[in-house]
Amino acid sequence: MSDQVVTRFAPSPTGYLHIGGGRTALFNWLFARGRGGKFLLRIEDTDRERSTPEATAAILKGLTWLGLDWDGEVVSQFARKDRHAEVAHQMLDRGTAYKCFSTAAEIEAFREAEKARGVSYPVFLSPWRDADPATYPDAPYVIRMKAPRAGQTVIRDTVQGDVTIQNATLDDMIVLRSDGTPTYMLAVVVDDHDMGVTHVIRGDDHLNNAARQQIVYDAMGWTVPVWAHIPLIHGPDGKKLSKRHGATGVEEYQAMGYPAAGMRNYLTRLGWAHGDAEIFSSEEAMKMFSLEGIGRAPARLDFKKLENTCGHHISMMPDAALLQELEAFLAAAGQPALTDSQRGLLSRALYCVKDRAKTFPELVEKARFALISRPVVPDEAAAKSLDAVSRGILKSLTPRLQNASWTKDALESILTDVAAEHGMGFGKLAGPLRAALAGRSATPSVFDMMLVIGRDETIARLEEASA
RNA sequence: GGCCCGUUCGUCUAUCGGUUAGGACACCAGGUUUUCAACCUGGGAAGAGGGGUUCGACUCCCCUACGGGCUGCCA
């Protein structure tokens, strides 16, 4: 018997990867990876009407972008339908399930009638539960689990605590549909058991389901996994996160230019805490992560904090990795790829822009000075600082830069000297320089810009601006 | 409607009966500066409401309010 941790993420492929699903996957991943366990991926595609291969691809893509790698092959739940049916029949043999010949129309009619009578929660009690097989008609049937009618089922949840459900409120869930396909309630249990899942970490929208699933575990004599039902993510207004809040799919976050490491960090802290830890790598998160640290209340998405977290990660990232992810972002956002020379320039510029950007678009904007080619067209604010006097000063500057030693210290002393000669502080000179070098009024340090683009380009831009 | 879960600064959270209720983001003020960002210093800011239990409750129990989830031959 191995006590290795096995977790899984089990999305249904009906759309893109929701940010909440991404966080669920992240928690499962952190928990497994931090304990030397396995993190498995299963696609819950038993609903043939709604499942699409495109959605599956989108989900895998989202997980991959987030950097959540799974162990082994992706399991298709639908592909295991024969195994599910086998278990349903074993339940039949064990007497923990029965054939029910009630039609959908009959059940619907029953519910309507009960509601009309004022029964708020009509629990359908199948007349076939204890019927004599001799009376079975030759008709389609479903297999229902024989759930206990009395007593209670207790879910021992690591996050929510002990949750007690009265069995009387549970009906005999269908485990196998009349067409022989399994329902979710059966399939999850069979798959989790067969895959050796030890910890079920999922959204708390499944909390009530856990009671029914536990009944299936008991019916088969299987070990119940450790439950951990985590609260959902809400929009900034506290309502369930939906389209109208903006981004709900993880690919939208990628397109907005958030680095994956920052995303992971932010999402980890959303609904989970470990003392005062705020900014950390995924490796550190794995060491700290525990189910006990998960909060019980739904958390709201805060884009400001997301940005702040991402800013820390951008500045911490090694240049090579940063450049690589930036290029992936450009591709994902449908922007033109970098040319070889732009890539070279950008990697030289990173050191002076990475501390000032929170997202990739911001990083590109800050590094604009390095990527543009002449003529440098100043924007309105920059144009204002390029008056006649300033242009004259810039012109007088170029000869002195010709022979200057191209270091920050040397440049600084030349420029402060020039400014002094014109009876001004360096601050006065910095504006025109920015305008000439970058065409903007807000840029990285002028010295850094000169260092990055080099002597020839610097002089060319100054001459152009002062012409 | 019924059942289940939740509720600490605006937001994410720490606290696991005894704290001036801590941190982070955001915000405000000041500083630094070569613009922006960053950074530094300081500031305002919270236990939903009401009952208990206890020498003592944010912490335990009950009620109310509010929010969320579930209530399918969906997952």
Side-chain angles (χ1 to χ4, degrees), chain A residues 10-14 44-47 49-51 77 100 102-104 107-108 111 115 118-123 140-144 155 157 159-161 163-166 168-171 173-179 181-185 187-188 203-211 229 231-232 234 236 238-240 266 269-279 292-293 295-309 311 315 353 355-358 362 366 381-382 385 412 415-416 419 425-431 433-435 438 440-447:
Chain A
S12 52
T14 54
E44 311 238 305
D45 51 359
T46 52
D47 184 343
E49 299 283 302
R50 301 198 301 163
S51 300
Q77 187 159 69
C100 170
S102 297
T103 64
I107 297 168
E108 182 56 28
R111 290 207 175 102
K115 274 182 189 164
V119 176
S120 51
Y121 181 62
V123 174
Y141 61 87
V142 299
I143 297 181
R144 288 182 183 274
I155 302 300
D157 193 283
V159 175
Q160 309 288 343
V163 178
T164 305
I165 314 273
Q166 298 303 319
T169 66
L170 265 24
D171 54 5
M173 286 296 296
I174 292 171
V175 291
L176 206 67
R177 299 186 186 104
S178 52
D179 65 358
T181 60
T183 60
Y184 164 76
M185 217 55 74
V188 242
D204 70 7
D205 49 336
H206 288 287
L207 184 55
N208 287 287
N209 291 333
H229 289 94
L232 271 18
H234 285 179
K239 301 289 183 189
K240 188 181 176 183
Y266 176 74
R269 271 293 283 107
L270 194 62
W272 173 88
H274 182 79
D276 287 341
E278 293 285 352
I279 302 298
E292 289 71 26
R296 281 162 294 280
R300 304 179 191 203
L301 222 42
D302 180 353
F303 283 87
K304 287 287 190 194
K305 186 152 184 174
L306 204 211
E307 278 183 15
N308 181 279
T309 303
S315 64
V353 294
D355 288 344
R356 340 163 79 94
K358 298 185 175 75
E362 221 178 298
K366 305 272 184 195
S385 54
E412 186 164 1
L415 293 179
T416 32
F426 172 67
K428 281 280 190 188
L429 183 55
L433 277 168
R434 273 195 195 86
R440 294 284 125 103
S441 54
T443 72
S445 152
V446 295
F447 308 117

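Keep in mind the model is a prediction, meaning the values are calculated, not measured. Labels below follow one simple rule: chain letters A, B, ... track the order of the sequence lines, proteins then strands, and each chain is numbered from 1.
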In Watson-Crick or G-U wobble terms, with both distances under 3.5 Å, the base opposite B:U20 is none
Under a 3.5 Å limit on both distances, the Watson-Crick or wobble mate of B:A45 is none
note: A:Asp205, atom CG; B:G69, atom C1'; distance rounded to Å ~ 7 Å
* Give A:Pro11 one of three labels, base, sugar-phosphate or nothing, depending on what nucleic acid heavy atoms sit under 4.0 Å from its own. => nothing
Under a 3.5 Å limit on both distances, the Watson-Crick or wobble mate of B:C39 is B:G31
Heavy-atom nearest nucleotide on RNA chain B taken for A:Met185 and for A:Ile165; more 5' hit belongs to A:Ile165
| Gap in Å between the two P atoms, one belonging to B:A24 and one to B:G43, rounded | 13 Å
- Query: Between the side chains of A:Arg50 and A:Thr14, is a donor N or O closer than 3.5 angstrom to an acceptor N or O?
  - Reply: no
What one should report as the nearest heavy-atom pair of A:Asp45 and A:Pro13 is CB-CG, 3.9 Å
To the nearest angstrom, the NE2-P distance between A:His234 and B:G67 comes to 12 Å
Atom CG of A:Asp171 and atom P of B:C4 are separated, to the nearest Å, by 16 Å
Closest of B:G6, B:G23, B:C73 to the A:Ile174 side chain is B:C73
To the nearest angstrom, the CZ-P distance between A:Arg144 and B:G72 comes to 11 Å
- Message: Please classify the nucleic acid contact of A:Asp45 as base, sugar-phosphate, or nothing, using heavy-atom distances under 4.0 Å.
- Response: nothing
For B:C60, the nucleotide meeting Watson-Crick or G-U wobble distances (both under 3.5 Å) is B:G52
Tested for side-chain contact (heavy atoms from CB on, under 4.5 Å) against A:Val142, the lone hit among A:Leu176, A:Thr103, A:Ile174 is A:Ile174
Ranking B:C4, B:G23, B:A37 by distance to the side chain of A:Lys366, first place goes to B:A37
Any donor-acceptor N/O pair under 3.5 Å between B:C5 base and A:Arg296 side chain: no
Ranking B:C5, B:A75, B:U13 by distance to the side chain of A:Arg269, first place goes to B:U13
- Message: At less than 3.5 Å, do the side-chain atoms of A:Thr183 and the base atoms of B:C73 form a donor-acceptor pair?
- Response: no
Atom NZ of A:Lys358 and atom C1' of B:A37 are separated, to the nearest Å, by 6 Å
Practice item. Could you tell me whether the phosphate oxygens of B:C25, OP1 or OP2, come under 4.0 Å of any side-chain nitrogen or oxygen in A:Thr309? Key: no
To the nearest angstrom, the CG-C1' distance between A:Leu306 and B:A24 comes to 14 Å
Under a 3.5 Å limit on both distances, the Watson-Crick or wobble mate of B:C66 is B:G6
Rounded to whole Å, the CD-P distance (A:Glu307 to B:C12) equals 17 Å
